Engineer: 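I have a structure here, written as C-alpha cells, and I will follow up with some questions on it.
Sequential numbering from 1 along the given sequence is applied to the chain's residues. Source: prediction; values computed, not measured.
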Amino acid sequence: YVASELATDIAVTVGDVKFYLHKFPLLSKSACLQKLVASGNEQNCDEVQISDIPGGSVVFEICAKFCYGMTVNLNAYNVFATRCAAEYLGMYETIEKGNLIYKIDIFLNSSIVHSWKDSIIVLQTTKSLSPLSDELKVSGLCVDAIATNACIDVSKVDWSYTYNRKKLPEENGNDLNFNGVKSRPVPKDWWVEDLCELEIDLYKCVIMSIKTKGIQSHEVIGEALKAYSYRRLPGFSKGVIHSRDVGKYRSTVDTIVWLLPAEKGSVSCSFLFKLLKAAIIVDSGEMAREQLVRQIGQQLEEASLNDLLIRAAEREDIMYDVDMVKKIVNKFLMQDRNAEYESEENEVQEIQRSGILTDASKLIVAKLIDAYLAEIAKDPNLPLSKFVDLAETVSCISRPTHNGLYRAIDMYLKEHPWISKSERKRICKLMDCKKLSADACMHAVQNERLPLRVVIQVLFFEQLRGAAATSSGTSTPDLPKSLKNPNGGSHGSSRSAPTNPEEDWDSVSATEELKALKTELAALRLRNRGDNRNNVDNAAAISKMKGLMKSKRIFTKIWSSKAAIGENSGSDSSESLGSANPEEAKSTPSRNRRHSVS
C-alpha cells in the first residue's frame, strides 16, 4: 500500500505480491503500464497482472517508488535488475524527462564503473539476466571497466582489493617507512583474487579484454589463471578433481587452457602438469591436451618426478600414463630438431637452426626420465616395451653416468622376475656399463637379476678402470668385440646357417674357466659380507674386487672359447642383448646358483 489520503484505483499483481497503487504516477512514467491499464479499462478491470518482470516484486517496488517520487536506494547488487525492470516497464525519456532508465545509466557510468569491487558485483548480477545484459550492453560496460582498472599503473591504485595469497613483508612489521608507519606496496597482480569470484564465461571475457589491452605481462596473466584454477577446481592443488560430477568442470578447464599465454614461462611447469591431469579427469578435448603437452615440452626441465606421475585411465591395466610422458619428452626434444625451409627463386634451401636446448637442460630431463623409469618400474603390469621405448627416447642425450638408468633397470627386473632372458638382455642393452660408478659396479657384479654377460662387462670395465688409474697416459682399451658388440654377426664368414646364441653361451658357461670365475665371485661376496660387518668402506671392497680380477686368464679363455665356438658355428654366436629368440627364455643351472647381496 501507499500511504496516501487518496484511495488507490489500481492493483498490480507481481508474482504472489499485490500492490495497491494510483494510476496517475504510474502512467506518467511507464509506457508498459499505460498499455496494461488501457486494456483493463476496456474490460472494466482495475487489476493488472505482471508475471515476467526482471527482478520480480522487489525490483517492481523500487520502480513504483520512483514513480511516486520517493527516494530509492540503488547499489551494485540491485542496479542491473532495476535497469532491466525499467526497460521492461518502458520508463524512457520519451515518456518523461529524467526517467528511471536515464538516471540508472548515469549512476552506472559515473559511479559503478569507477568502483573496482562494484563493477565486479554488477557483472556477477548480469549472469542471471544474460540475454538482457548483452542487449543493454551493461556486461560489456563492466568488463571494460574491470579490465581498465586491472591495467592501471599500480601507483594509482587507491581502492581496496583482496590479496591473501602471499604474506607481504610489512604484514610482519618488517617494512616501515621513514616516519615509522607501515607502507604497503601494491603488487602487480593485486587484481587477481577478486576476479576469482566471477563465473568462467564472465572471467573469460575479462581476461580476454585485459590481454587485448596489451599492458599486463604474460606472467601476471598466468598468475591470474593459476589463482582461478586453485579457487574454482576442488582438489586441483593435488592434481585431481574432487567431485561426483567432474564433467561440470570441463568448461572451466578448457577455458583456462585456452586462455594460457603462449609465451614460455608464463606459468610454471608444475601448474601445466596439474592442468593436464585435470583435463584428463574431466575428459577435455584432444585440442586442449595437445596444447598442454606442447607447452609442457617447452619447459620440461622445470618439472619434478611427481609432476610426471600421470595416472592412466581406469580402463588401463597399468598405473601411469607412460605414453603421455613420451609425447611430452618428444615435444621437448623437437626443439632441437627444428629446421626452417624457405623458397628462393624456385629453389628450396634448408637453413639449419642451432638447437635452443642447452646441454644442462637436456641432462636434467634425462635424469628426470631415469627417475621416472625407476618409479614406473614398480608397476607389475608395465609392459617391457613401454619401459624400453621411453628409455630409448632420451638415449640421444649423453649422460656422464648411467647410475639412474641402472637403478631403473634393476627395479624393473626386481618387480618382473618372470620375464625371459631375451627380455632381460633387451632392457640391459639400454645402459652403458662403462658409465657406471664404482658403487654401481659393486652392486651390479653381485646382482643376480642381471644377465651374466652384463656382469662380465661390468667386471671388465672395472678392471680397465683400475689399470688406467695406475698407469697414467695409457689409453683405456676397448672391450673385446665378442662382448662389446653382442648384436653383431660374424662378417668374416660366408656361411649363413642360423645359430642359437643361448646354446653357444651355455656351452661356454660349462667350461672350467667360468666355474672358476663364479668361485671367485662367490668368494668376493663372502668377503664383502665380512667387510660390512667390520665397517670397511666401499673403496676397500672395490679394491678387493679389482685384485681378484687382475688375472686375465679367465677372460682370455672365455673369449678364446667363444671365438672357437663362433668359428665352428660359422657366425658370431655372442649373446644379443636385444635378441628375441624364444629359446633364450631357458635358464642355465650354473646361472641360477648366483645370489644377490645388493
Side-chain angles (χ1 to χ4, degrees), residues 305 308 320 322 325-326 329 362-380 382-417 419-466 476 478-479 483-487 521 524-525 528 538-539 541-542 545-546 549 575-579 591 594-598:
L305 174 59
L308 293 180
Y320 298 110
V322 183
V325 174
K326 184 180 176 182
V329 175
K362 288 189 284 188
L363 182 58
I364 290 172
V365 170
K367 290 182 176 180
L368 177 65
I369 297 304
D370 288 347
Y372 177 73
L373 288 170
E375 187 66 29
I376 64 174
K378 300 174 184 177
D379 181 5
L382 179 68
L384 177 67
S385 59
K386 288 186 179 293
F387 184 98
V388 173
D389 288 347
L390 180 58
E392 289 178 343
T393 303
V394 293
S395 62
C396 59
I397 301 176
S398 177
R399 284 103 97 189
T401 175
H402 275 198
N403 286 1
L405 186 55
Y406 167 67
R407 175 174 170 266
I409 291 172
D410 183 51
M411 181 63 67
Y412 189 89
L413 295 176
K414 179 181 178 181
E415 297 296 331
H416 304 77
I419 65 174
S420 65
K421 283 190 175 182
S422 62
E423 290 175 323
R424 289 173 184 269
K425 285 179 277 187
R426 181 185 178 193
I427 193 173
C428 290
K429 184 181 175 182
L430 295 169
M431 67 176 175
D432 186 349
C433 297
K434 290 184 289 187
K435 292 188 176 182
L436 295 181
S437 67
D439 289 339
C441 287
M442 190 66 194
H443 184 278
V445 298
Q446 303 172 85
N447 190 346
E448 68 172 354
R449 293 182 285 271
L450 295 178
L452 186 56
R453 177 169 294 275
V454 176
V455 175
I456 294 177
Q457 286 179 335
V458 173
L459 290 170
F460 177 81
F461 286 122
E462 189 60 28
Q463 182 184 8
L464 296 184
R465 185 184 300 171
T476 301
D478 216 350
L479 184 66
L483 288 177
K484 178 181 179 182
N485 186 18
N487 296 319
L521 286 175
L524 171 64
R525 289 194 287 270
N528 283 341
N538 287 338
I542 294 170
M545 180 189 71
K546 293 177 181 178
M549 296 308 301
E575 279 186 303
S576 171
L577 295 184
S579 172
R591 183 73 179 101
R594 298 170 61 208
H595 302 285
S596 172
V597 294
S598 56

Engineer: Can you name the closest pair of heavy atoms from M431 and V454 and give their distance?
Structural biologist: CE-CG1, 3.7 Å

Engineer: I want to check something: taking the side chain as every heavy atom from C-beta on, are P383 and V322 in contact at a cut-off of under 4.5 Å?
Structural biologist: no

Engineer: What salt bridge (charged side-chain N to carboxylate O under 4.0 Å, His left out) pairs are there with at least one residue in residues 383-392, not counting sequence neighbours?
Structural biologist: D323-K386

Engineer: Where is the tightest heavy-atom contact between R424 and H416, given as atom of each residue plus distance?
Structural biologist: NH2-O, 4.5 Å

Engineer: N403: which residues meet the side chain to side chain donor-acceptor pair (under 3.5 Å) condition with it, sequence neighbours left out?
Structural biologist: T401, S437

Engineer: Using every non-hydrogen atom in the two residues, find where M411 and A374 come nearest and quote the distance to one decimal.
Structural biologist: CG-O, 3.5 Å

Engineer: What residues, two or more places apart in sequence or in another chain, satisfy side chain to side chain contact (heavy atoms under 4.5 Å, CB included) together with K414?
Structural biologist: R449

Engineer: Is there a side-chain contact between S398 and K435 in this structure, where contact means two heavy atoms from C-beta onward sitting under 4.5 Å apart?
Structural biologist: yes

Engineer: When rounded to the nearest 0.5 angstrom, what distance separates CG in D410 from CD in E415?
Structural biologist: 10.0 Å

Engineer: What I'd like to find out is whether the side chain of L384 reaches to under 4.5 Å of the side chain of R426, using heavy atoms alone.
Structural biologist: yes

Engineer: Can you sort out the partners of H402 under ring-ring contact (aromatic ring centres under 6.0 Å, His included), two or more places apart, ordered by chain and number?
Structural biologist: none

Engineer: Output a table of donor-acceptor pairs, distance under 3.5 Å, between side-chain atoms of residues 362-373 and any protein atom two or more places apart or on a different chain; print 'none' if there are none.
Structural biologist:
unit_1 : atom_1 : unit_2 : atom_2 : d
K362   : NZ     : D336   : OD2    : 3.2
D370   : OD1    : R399   : NH2    : 2.8
D370   : OD2    : R399   : NH2    : 3.3

Engineer: If you compare all heavy atoms of C433 against all heavy atoms of Q457, which two are closest, and at what distance to 0.1 Å?
Structural biologist: SG-OE1, 3.5 Å

Engineer: If only side-chain N and O atoms count, and only distance matters, is there a donor-acceptor pair under 3.5 Å linking Y406 with D432?
Structural biologist: no

Engineer: Has R453 got a side-chain atom pairing as donor or acceptor with K425's backbone, closer than 3.5 angstrom?
Structural biologist: no

Engineer: I'd like to know if the side chain of Y412 and the backbone of K378 have a donor-acceptor N/O pair within less than 3.5 Å.
Structural biologist: no

Engineer: To the nearest 0.5 Å, what is the distance between CD1 on I427 and CD1 on I409?
Structural biologist: 5.5 Å

